[in-house]
**Q** 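Here it is: the structure, laid out below.
Order of appearance sets the numbers: ligands from 1, and atoms from 1 within every ligand. Values reported hereafter were calculated over all heavy atoms of this structure, with side chains retained and with hydrogens, waters and symmetry mates removed.
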Amino acid sequence: MNWWQESVVYQIYPRSFKDSNNDGIGDLQGIISKLDYLEYLGIDVIWLSPVYESPNEDNGYDISDYFGIMKDFGSMADMDELIQKAKEHGISIVMDFVANHTSKEHKWFKSALADPQSPYRSYYVFKPNQGTLPSDLQSIFLGSAWELDKNTDSYYLHLFAKGQPDLNWHNKPVREDLYEMLNWWLEKGIKGFRFDVIDLIAKDIDHGIIGDGPKLHEYIQEMNQATFAKYNVLTVGETWGATVEKAKKYSNLDGSEFSMIFNFSHILLDQEAGKEKWDTIPLDLQKLKKVFEEQQVGLYKEGWNSLFWNNHDLPRIVSRWGNDQDYRVESAKMLGTLLHFMQGTPYIYQGEELGMTNVKFHDLNDYRDVETLNMVQMRLSKGMAMDKIMDSIYKIGRDNARTPYPWSIEAFGGFSQVRPWLDINPNYVNINAKDQIGRNNSVLEYYRKLIWFRRRSDYRELIREGTFELLYPDHPDVFAYQRVLDTGVLSVYCNFHSTPVHLDEKVDTAEAILSNYDTFDNKRGLNLRPYEAIVFMGKRE
Ligand code: TEU
Ligand code: CA
């Protein structure tokens, strides 16, 4: 067994977690001050979104110095202190490795722009200006993926924002420099990396290949050997387009690539293939069941899953697929239950454990995300009405996930004493950590149980190793499954909707080990109330 197969990861978006010096921006000392809380929650790994030096065009996902800490967040001494103190709390730090692109402020890119003869020219993807754009390739953040540099009269490639020029991984010195950086951090005691958009690094623009370039796995294996293979660490690749077959390769149990990947196939089900993410469609529960079944069964003994509903790019799950009005607490717990009893390593995104919701700012000026602001410009220029645009931001915009963490009912949620860089969700007066810590039926205390089940309970082997069998595959409201091992069986029943459900099953409430309601309604069978989740031990008939 690998240690990370029994871990629960907690993702921190440092800008929004805790501000220690009251400048409105979360920082490393803020995180250090909350390590007791994280230990109480029971997680053992922090995935830290980027804290490197960055001009923040994309909030740290545009790195200008991989060996430095962003001043907003503190210093390298603070980072060393975080690594050390986290360790004392039994928590490992996994860093974010963003190397599909750098910032345009990185010294490599500056040198490439300043001098066409610079060796750093070939670190990036340039095309001479021949009067038109090199191609009609679009940036993932909308608009052309090519930007003209007037000085050298050439275009450079940026698959994301203009300030995020793409690196050319086909150039060996690029890879070697990046590996050096990885090793430097590993030597510091980092316990792993999350690899940002790793499926894009081997792009072959001249042949129209963006994702999954022919050399992708060669590079990942090379990087593995040159860096983290020597350490017992957790590595997770962010792969938007991974099928089960691809996932097997990326997370091969022989250790040749990553520990696991972030596979988005479940979370993209409310988006239409080939359409912009902003045009969402309703979730089809049958499809959701099918996708999870494919992953759970397909990767069994062949690879390893990560389990997630949220991250810093996704809207809050309780608003997305739960019910954040009448059943916020129930649906937050149900969604957590559904995920945490599957095989894989669960990831909790900050605030998910409180049942945090999406936010609605009425003034566009209160939004910060570059992706959102680009989209607004694009759609306005196409004549789309502002209220329709705002609706799509409310649904799927990334700032939903990025509002500051609500610690208490104090001003600004106790996140800071000044107005934060992005406003706090006004519902912090009802949804905050202080209110939920130690309160028996809070979402937070429920998440503590979920974590305990995986990490410390007698069920942990079953949760880690059991097979997955979907129950009621065609039921329109129920998502249920069994985990089976020769030592036992766990059955998880979730009502995914607000319609009460009756299942014709014998129920022995003595076998129930977890439920998101205080009482059972087991008259004449198994009755699931709105968003009810129950976990039984023992085989179901
Ligand atoms: O995200 C990859 C990515 O493709 C997303 O930008 C995605 O398309 C978008 O968020 C959907 O809304 C990673 C990081 O997680 C993200 O924060 C960065 O902006 C992006 O890479 C560029 O580094
Ligand atoms: Ca601060």
Side-chain angles (χ1 to χ4, degrees), residues 11 13-33 47-52 54 56-63 69-75 78 96-104 138-142 145 158-167 194-201 203 210-211 236-242 261-262 264 267-268 270-271 275-280 308 310-315 320 347 349 368-375 392-393 395-402 404-405 412 415-422:
Q11 185 192 351
Y13 196 67
R15 255 191 136 56
S16 300
F17 193 59
K18 173 68 188 160
D19 177 17
S20 72
N21 61 346
N22 296 311
D23 61 355
I25 300 174
D27 45 54
L28 294 173
Q29 284 300 334
I31 299 172
I32 291 170
S33 73
W47 153 22
L48 194 58
S49 275
V51 293
Y52 316 91
S54 164
N56 279 313
E57 188 163 333
D58 188 20
N59 283 356
Y61 284 88
D62 47 327
I63 297 171
I69 296 294
M70 193 192 300
K71 304 222 170 22
D72 287 344
F73 292 160
S75 64
D78 294 323
D96 215 313
F97 173 71
V98 189
N100 171 68
H101 43 267
T102 67
S103 159
K104 68 175 180 350
Q138 293 292 297
S139 144
I140 292 162
F141 289 165
L142 304 181
H158 63 91
L159 289 179
F160 292 91
K162 284 180 190 155
Q164 294 170 300
D166 278 62
L167 283 167
R194 174 262 190 188
F195 294 83
D196 193 64
V197 286
I198 200 70
D199 49 351
L200 302 182
I201 57 168
K203 65 192 79 78
I210 307 296
V236 50
E238 189 203 23
T239 56
W240 281 75
I261 58 164
F262 239 58
F264 288 78
I267 210 71
L268 295 176
D270 56 8
Q271 283 156 242
K275 289 227 173 144
E276 285 174 12
K277 74 170 205 173
W278 303 98
D279 307 306
T280 53
F308 70 95
N310 289 283
N311 70 18
H312 62 292
D313 295 332
L314 303 171
R320 188 180 196 172
Y347 286 66
Y349 177 68
R368 298 284 174 269
D369 176 26
V370 59
E371 181 188 46
T372 295
L373 301 177
N374 275 359
M375 176 280 285
S392 66
I393 299 176
K395 265 216 172 103
I396 204 101
R398 303 197 298 182
D399 282 336
N400 282 308
R402 300 176 180 186
Y405 192 97
F412 310 114
F415 165 77
S416 175
Q417 286 169 20
V418 302
R419 188 176 175 190
W421 70 279
L422 170 70

**Q** Determine, stepwise, if the pair Asn310 / Tyr347 fulfils side-chain hydrogen bond (donor to acceptor under 3.5 Å, both in side chains).
**A** CA-CA 8 Å; Asn310 289 283; Tyr347 286 66; over 6 Å; no
**Q** Salt bridge check, Arg398 against Asp313: does any charged N sit closer than 4.0 Å to a carboxylate O?
**A** yes
**Q** Where is the nearest protein heavy atom to atom 10 (O) of ligand 1: which residue, which atom, and how far?
**A**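 For this ligand atom, the closest protein heavy atom is Arg398 NH1, 3.2 Å.
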**Q** Against heavy atoms of His312, which atoms of ligand 1 measure under 4.0 Å?
**A** 14 (C), 15 (O), 16 (C), 17 (O)
**Q** Once the angle between the rings of His312 and Tyr13 is folded into 0 to 90°, is it parallel (under 30°), tilted (30 to 60°) or perpendicular (over 60°)?
**A**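 Aromatic pair His312/Tyr13 classed parallel.
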**Q** In terms of side-chain heavy atoms, does Ser49 have a donor or acceptor partner in Tyr61 at a distance below 3.5 Å?
**A** yes
**Q** Within 45 degrees of the axis of the six-membered ring of Trp421 and under 6.0 Å from its centre: does Arg368 put its NZ or CZ there?
**A**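 Output no; distance or angle outside limits.
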**Q** Give a rough value, rounded to 10 degrees, for the angle at the Ca ion (ligand 2) between atoms OD1 of Asn21 and O of Ile25.
**A** 160°
**Q** Examine the side chains of Asp78 and Gln29 and answer whether a donor and an acceptor come within less than 3.5 Å of each other.
**A** yes
**Q** For atom 13 (C) of ligand 1, which of the options Asn59, Ile140, Asp196 provides the nearest non-hydrogen atom?
**A** Asp196
**Q** So between Leu159, Val197, Asp313, whose heavy atom ends up nearest atom 15 (O) of ligand 1?
**A** Asp313
**Q** Of all the N, O or S atoms in Asp27, which has the shortest distance to the Ca ion (ligand 2)?
**A** OD2
**Q** Which bit of Arg194 is near ligand 1, meaning a heavy atom under 4.0 Å away: side chain, backbone, both or neither?
**A**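 Arg194 to ligand 1: side-chain contact only, backbone stays beyond 4.0 Å.
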**Q** Checking a contact table here: which protein heavy atom is nearest atom 9 (C) of ligand 1, and how many Å away?
**A** Glu371 OE2, 3.5 Å
**Q** What's the spacing between Ser392 OG and Lys277 NZ if we round to 0.5 Å?
**A** 9.5 Å
**Q** Check all N, O or S atoms of Asp19 and name the one closest to the Ca ion (ligand 2).
**A**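 Distance check against the Ca ion (ligand 2) picks out OD1 in Asp19.
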**Q** Can you list the ligand 1 atoms lying under 4.0 Å from a non-hydrogen atom of Phe141?
**A** 6 (O), 19 (O)
**Q** As a test of reading the structure, name the N/O/S atom of Asp23 that is nearest the Ca ion (ligand 2).
**A** OD1
**Q** Could you tell me the residue and atom name of the protein heavy atom closest to atom 7 (C) of ligand 1, and the distance to it rounded to 0.1 Å?
**A** Trp240 CZ2, 3.5 Å
